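Given the structure is predicted, the values throughout are model-derived calculations rather than measurements.
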Amino acid sequence: MPELNLNYVMMLIVPLPSDQKQTGWFMKILTVSDIQRLIDIVGIESFFSRLLIALKQDFARWSAFYKSARHATHYAHGVIELMPCSDDSLYAFKYVNGHPGNTAEGKLSVIAIGQLSEVASGYPLMICEMTLLTAFRTAATGVLAASYLARPDSDVLAVIGTGAQSEFQVLGFNGVFPLRQIRFFDLDIGAMRKFARNLLAYPFELVPCRSIKEAVRDADIIVTATAAKKRQSLFALEDVAPGAHIQAVGGDCPGKTELSHVLLSAAKLVVEYMPQALVEGEVQQCDASHVHAELWELVGGHKPGRENTQEITVFDSVGFALEDFSVLRLVYELACEHHLGTDMPLIPELDDPKDLFGLLSA
Ligand code: NAD
């Protein structure tokens, strides 16, 4: 499996040919079709494994990052967020929304666009679609957490909420765990049919369930990916088997949760970034003392993951900007390697950098 090399990414920041310099600094624009093409070339499995490597590398060098909780603007029906993260070489940010009512209007609940820039000059390198990439990075981060928290022999996965994120979750876990059976439930039967259709070609047994209880019973790993702007308790502690791992994806805003306080209190809880998780995650119902670790502490070996076969573990995923950084740097590397995207002059480049007005009088 190829290792990601940050020096290589920096080498790709190529000076432009002089004939392009008059019109502007060229940056890569990667559209939805460019990402489709990239995944087609690289393959879903291989993209997941490269992303897992990138995430692991970046979580392992946690102290090298300038980090902050995301900036969220809340509305009665949803949220719009800006998510920045940087090291000393690259700066990334993502624009993302969360509008659970959108699907009723034929729109996605979650869409995103991201940008990667070089820190040396502050100039942008790439603007990129990130709706697909958010689904990939959310699944891959969950799998990274599960590699420390779930039992390695986990072969039954339950998915509650079979919307846009759901198949990515299954395929991410499939690369690392010996999945045999996928149990699933959604309030929307159409979403369940779509999920089954998309996963038909894969060699798992697909088990549609009539209730959440039926889906989670005896599951080794449970993914909750529902979209509802309210406090929910999707299932009770007694509904899950001893030793289960829960990957809680859908509770990611103040007042938007999926698990009960009782369940959280009984589980070993891991979050991405405490200042953000305490506001947005399942742990908004508790306090920091309930949290066993941030994910980077497991990756760095500073704290243990699962310690026995009986404990219930929870990864309280809300989505942290470092994950967007990792996927953007990987995609930039792959886009350069495979000549994908369109180079566009979105920043002026001038013979005299103080003569911006000259652009208009020319
Ligand atoms: P989506 O709207 O496409 O799908 C959500 C599904 O949940 C729908 O099919 C809906 O019918 C179902 N649902 C709602 N309430 C339910 C319930 N009580 N029981 C069973 N099913 C229920 O949304 P999506 O893009 O798949 O995202 C799912 C959730 O994950 C959203 O809340 C989103 O904000 C969140 N999300 C989190 C991250 C992260 O990093 N943690 C990243 C992306 C999305």
Side-chain angles (χ1 to χ4, degrees), residues 138-139 141-162 165-166 169-170 172-186 204-226 231-251 257-272 277 281-295 297-299 301-318:
T138 304
T141 305
V143 174
L144 179 63
S147 68
Y148 300 95
L149 292 171
R151 299 192 325 273
D153 62 350
S154 297
D155 61 1
V156 177
L157 174 75
V159 179
I160 310 304
T162 55
Q165 310 299 316
S166 57
Q169 292 285 329
V170 174
F173 277 100
N174 189 46
V176 174
F177 293 90
L179 295 189
R180 172 180 60 79
Q181 186 182 84
I182 314 295
R183 310 176 64 79
F184 58 102
F185 175 77
D186 194 296
F204 341 98
E205 182 193 359
L206 294 169
V207 182
C209 296
R210 279 161 299 181
S211 68
I212 294 178
K213 265 189 185 210
E214 186 187 328
V216 301
R217 187 189 312 140
D218 300 328
D220 301 313
I221 299 174
I222 300 164
V223 173
T224 57
T226 66
R231 288 196 179 225
Q232 307 182 92
S233 170
L234 294 177
F235 47 84
L237 178 60
E238 56 270 24
D239 294 332
V240 304
H245 171 64
I246 302 166
Q247 141 103 330
V249 174
T257 56
E258 295 179 307
L259 304 176
S260 72
H261 187 273
V262 174
L263 193 152
L264 295 173
S265 303
K268 176 177 271 181
L269 260 176
V270 172
V271 301
E272 291 146 310
E282 297 300 327
V283 289
Q284 66 186 272
Q285 306 171 65
C286 321
D287 58 52
S289 67
H290 282 69
V291 177
H292 167 68
E294 291 180 316
L295 178 54
E297 296 177 286
L298 304 191
V299 174
H302 307 291
K303 288 194 179 160
R306 171 174 292 276
E307 287 169 286
N308 62 60
T309 55
Q310 298 298 298
E311 63 185 341
I312 308 280
T313 53
V314 173
F315 178 53
D316 183 6
S317 157
V318 293

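Note that CG of Leu259 and CD of Glu282 are 4.0 Å apart. Values are rounded to the nearest 0.5 Å. Here Ile246 contributes atom CD1 and Leu269 contributes atom CG; the two are 9.5 Å apart, rounded to the nearest 0.5 Å.
Residues satisfying the side-chain hydrogen bond (donor to acceptor under 3.5 Å, both in side chains) criterion with Thr226, sequence neighbours excluded, are Gln232, Glu258. Partners of Glu238 according to the side-chain hydrogen bond (donor to acceptor under 3.5 Å, both in side chains) rule, which considers only residues two or more places apart in sequence or in another chain, do not exist here. Remark: Glu297 engages Lys303 in a salt bridge (charged side-chain N to carboxylate O under 4.0 Å, His left out) (not counting sequence neighbours). With sequence neighbours excluded, the residues forming a side-chain contact (heavy atoms from CB on, under 4.5 Å) with Val143 are Leu52, Phe173, Val176, listed by chain and number. Under the rule for a salt bridge (charged side-chain N to carboxylate O under 4.0 Å, His left out), Asp287 has no partner lying at least two apart in sequence or in another chain. Taking Asp153 as the reference, Arg151 meet the side-chain contact (heavy atoms from CB on, under 4.5 Å) condition, with sequence neighbours excluded. In this structure Pro304 satisfies the side-chain contact (heavy atoms from CB on, under 4.5 Å) test together with His292, Glu307, sequence neighbours excluded. When the side-chain hydrogen bond (donor to acceptor under 3.5 Å, both in side chains) test is applied to Thr313, the partners found at least two apart in sequence or on another chain are His245, Arg306. Here Phe235 pairs with nothing under the ring pair (Phe, Tyr, Trp, His ring centres under 6.0 Å) rule; sequence neighbours left out. Listed by chain and residue number, His261, His290 satisfy the side-chain contact (heavy atoms from CB on, under 4.5 Å) test with Ser265 (two or more places apart in sequence, or in another chain). For Gln247, the side-chain hydrogen bond (donor to acceptor under 3.5 Å, both in side chains) partners are Gln169, not counting sequence neighbours.
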Might you work through the side-chain contact (heavy atoms from CB on, under 4.5 Å) test for Phe177 and Ile221, ending with a clear yes or no?
CA-CA 10 Å; Phe177 293 90; Ile221 299 174; 4.1 Å; yes

Run the side-chain contact (heavy atoms from CB on, under 4.5 Å) check on Asp218 and Val156 step by step: do they pass?
CA-CA 8 Å; Asp218 300 328; Val156 177; 6.0 Å; no

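Nearest heavy-atom pair, Leu295 versus Ala145, reported as atom, atom and distance to 0.1 Å: CD1-CA, 3.7 Å. The shortest non-hydrogen separation linking Ala266 to Leu237 is CB-CD2, 3.6 Å. Across every non-hydrogen atom of Val159 and Gly161, the tightest pair is CG1-O, 3.6 Å. Between Ala248 and Thr224, the shortest heavy-atom distance links the atoms CA-OG1, 3.2 Å. Listed here is the closest heavy atom pair of Ala158 and Ala215: CB-O, 3.3 Å. Residue Ala219 comes nearest to Ile222 through the heavy atom pair CB-CG1, 3.9 Å, listed as atom of the first residue, atom of the second, then distance.
A donor-acceptor pair under 3.5 Å is formed between the side chain of Asp316 and the backbone N or O of Val283. When atom types are taken as modelled, the side chain of Gln284 and the backbone of Gly251 share no donor-acceptor pair closer than 3.5 angstrom. At distances below 3.5 Å, at least one donor-acceptor pair connects side-chain atoms of Glu272 with backbone N or O atoms of Val318.
Between Val314 and Leu263, some side-chain heavy-atom pair lies under the 4.5 Å cut-off. Leu149 has its side chain within reach of Leu298: a pair of non-hydrogen atoms, C-beta onward, lies under 4.5 Å apart. Between Phe185 and Arg210, the closest side-chain pair of non-hydrogen atoms is not below 4.5 Å. Counting only heavy atoms from C-beta outward, the side chains of Phe184 and Pro208 approach each other to under 4.5 Å. Within the 4.5 Å cutoff, the side chain of Phe204 has no heavy atoms near those of the Leu157 side chain. Asp239 has its side chain out of reach of Ile212: every pair of non-hydrogen atoms, C-beta onward, lies at least 4.5 Å apart.
Evaluation of the salt bridge (charged side-chain N to carboxylate O under 4.0 Å, His left out) test over residues 174-184, restricted to residues two or more places apart or in two chains, returns Asp155-Arg180.
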